[in-house]
Amino acid sequence: MEGEKNNTMSEINKLISERKQKLEELRKMGVDVYPRNFATTHAISQIREKYGTLKAEEKTGETVSLAGRIMSLRGMGKASFAHIKDQTGKVQIYIREDVLGAGNYGIFKRFDVGDFIGVMGKVFSTKTGELSIQVEKLTLLAKSLRPLPEKWHGLKDIETRYRQRYIDLLVNEQVKNVFSTRSLIIQAVRKFLDNLGFLEVETPMMQSIVGGAIAKPFLTHHQALDMELYLRISPELFLKRLVVGGLEKVYEVNKSFRNEGVSTRHNPEFTMLEVYQAYSDYKGMMDLCQKVILFIAKEVLHKEELVYQKNKINLGKTPWQKFSLYELLKEHTKIDFTNIHGLAEIRKVADRLDVKYKKDSPKHKILDHIFEAYVQKKLIQPTFVLDYPTEFSPLAKAKKDNPELVERFELFIGGEELANAYSELNDPVEQRRRMEKQVEDRDIGEGREAEVDEDYLRALEYGLPPCGGLGVGVDRLVMVFTDSKSIRDVILFPHMRKEAE
RNA sequence: GAGCCGGUAGCUCAGCUAGGUAGAGCAGCGGCCUUUUAAGCCGUUGGUCGCGUGUUCGAUUCACGCCCGGCUCACCA
C-alpha cells in the first residue's frame, strides 16, 4: 500500500521521477548519494581572490577542493562545463572524460542542475579567460530531486518567492544582498549600543496583560497552566521595569506581534529596537537616534547618502531637521490646527481636506490621518516631528509649559516612519490616570477587555528615574537601507495564508 | 474587511476580445559533439489551463461562488 502510494506520488512529475531514477542508478553504481561530509580547501570567493588575475589559458599547478551546488551544465560529449555555486560565489568547472575515466564520467552524466558536489582539481583559465577548475575528482554530496527555475528568467512569481524563499535566495542574487544587509544593520545597532554601555536584554513575548502600544494582540493559551496569554505588541513596559531595577541603559531587538491588517509596510510579526536610558529624555534620544542611524550608514553603506524609491536621501546633513507637528500641518494644509479644539471642528476640517475617518475616531486620530495624507510622504530627508498631543501618547511625559503636548518625536526618512521616542512618564499617579482612561474605550479584540497593568504602576511607585525611550522599526529601517518597496522583501519568511493543498 | 489586477508545462510567458479538446522559449529525455558560457545541431516527452457550479452540443475562453497572490484603501508601526 505504502509503496503504491509512493509510486503514484513519484509519477506526479516526470522531471522528479527522472531524477529519482538517476539517483537509483547512481546507488547501483556504488555512489553514496547522501554522504556525510566533504573537506574543502577554499570557498569560491577565495579562489577568485587568489587567482582572479590569471591570463587566458594560463594554468596553475595548485590543486584545490571546493563544494557547491551545480547551477548550470553544458555538456559536449566527452567534455562538459558547469558552474557551481557556494555561499560566496560561482565558479566554472571543466570536466573531461579522459581525466576522470569513463566510469566516473558516466557517474557525472547522472548529475543534474541543483545537485551538491565536491570538486577537486587544478585552477586554470579558459581561452576566453574565465577562471575555472580542471576537475580531477568529483564527489556527489547530495542529490537534488526538484528542478530549479530556469537560468535566464529565474524565479519571478512573487508568491513562490515568499513561500519558497530558499529558491528565491538561490536564484535571485539581490535577495541575498538584502538579507545580508539586514544582518549587518542589526550587528551595527548592537555594536553601537554595546560600545555605549547599553545592556541587551530579552523580555517576555508572552504576556498576560497587553501594554506599550494601542494595537490588537494575538491571543494564545498555556495548556499546563490553563492560562490565556497575549503575544506582546511591545516590550516597552518590561524594559522600563528594568530601568526601575537599576539597569540604566537597556535595549532589546526582537519581535513584536500585532493582530492587524497586513500591507506593504505591516507584517503581523515585526522587529523593533527599543532603547531606554535613565537620566536622559527625548532630546537625548534624538541625539542617540541620529547617531545610531549614521553609524549604521557608515558600517553598512560606507557613505551617508542613499536612494530610496528614486529619492536621494542625505543622512550626513546634521543635525537632522526638526519641525513641530502643527508647523508641518500648517505648511502643507494651510490650516492652523493649534486653534482647532473640538471633535466636530476637526471633523469639518478633515471633510474639507477629503481625509477619511471612522465615526468613532477620536480627535487625535483624525489629526494623524490628516498628517499621513498631507505631510508624511513629503518627509523625504530625515525629519524629526515634535510636539504630539498628550492624548495620543499615554506613556509620554507632558511638556513643562503645555500639558496638552508631550515630549516626543517621530523620525521620518523617505516618507516612512522609522522611529518614535519620548521622555518616559514616570509619575505613577498621572500614569494611572492616563491608563485608566485609555482602558475604558480600548478594544483589544476576541471579546477581551483591556486591563491596567498594576505591576507596572507598582514599579513606577517604587520610582522610575527620568528616562528617555526610543523605538525603531527595524524592518522599515532595512527597507530604507535596501531600497525595498515592501516589508515582505526584508522579512525572510513573510506571513502568508496557508497554501492550498 | 472593500475595490482593481492576476493564477495556463519544472521556470518565463502567449492564447481568452469573438467558445470548437492548448502553444513558444528555457529546462528534461534520446542522438552528434574534448575550451563552452542563454554552447550548437537533429529528434522528442511533458498540461485535472487555481478549485467548484452553471450556461452550452461543446468552456482555458462566458457567468456565479470559493481558494491563493499582488496593488490601493481601511486598521496599525
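Worth saying up front: this structure is predicted, and the values here are computed from it rather than measured.
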Could you check whether the side chain of A/E159 and the base of B/G70 have a donor-acceptor pair of N or O atoms closer than 3.5 Å, going by distance alone? no
Counterpart residues, salt bridge (Lys or Arg N to Asp or Glu O under 4.0 Å), relative to A/E49 (two or more places apart): none
Step through it carefully: locate the ring centre of A/F412, locate the ring centre of A/F371, and say whether they are under 6.0 Å apart. yes
Would you indicate what A/F257 reaches in the nucleic acid, counting non-hydrogen atoms under 4.0 angstrom: base, sugar-phosphate, or nothing? nothing
A/L15 atom CG is separated from B/C29 atom P, nearest whole Å, by 9 Å
Do the side chain of A/K156 and the base of B/U12 come within less than 3.5 angstrom through a donor-acceptor pair of N or O atoms? no
Look at all strands and tell whether A/E130 reaches a base, only sugar-phosphate, or nothing, counting heavy atoms closer than 4.0 Å. base
For B/C57, the Watson-Crick or wobble counterpart (both distances under 3.5 Å): B/G20
Determine the contact category for A/V262: base if any of its heavy atoms lies under 4.0 Å from a base atom, sugar-phosphate if only primed atoms, P, OP1 or OP2 are that close, otherwise nothing. base
With A/H153, which residues qualify under side-chain hydrogen bond (donor to acceptor under 3.5 Å, both in side chains), at least two apart? A/E150
Is any side-chain N or O of A/K22 closer than 4.0 Å to OP1 or OP2 of B/C29? yes
Counting the atoms with a prime plus P, OP1 and OP2 as sugar-phosphate, which does A/R497 contact under 4.0 Å by heavy atoms, base, sugar-phosphate, or nothing? sugar-phosphate
Under 4.0 Å from any atom of RNA chain B, heavy atoms only: list the residues of residues 91-106 of chain A that qualify, in numerical order. A/Q92, A/Y94, A/R96, A/D98
Within the structure shown, what part of the strands sits under 4.0 Å from A/D443 by heavy-atom distance: base, sugar-phosphate, or nothing? nothing
How would you label the contact of A/S256 with the nucleic acid (heavy atoms, under 4.0 Å): base, sugar-phosphate, or nothing? nothing
Just call it for A/M496: base, sugar-phosphate, or nothing, with non-hydrogen atoms closer than 4.0 Å on any strand. sugar-phosphate
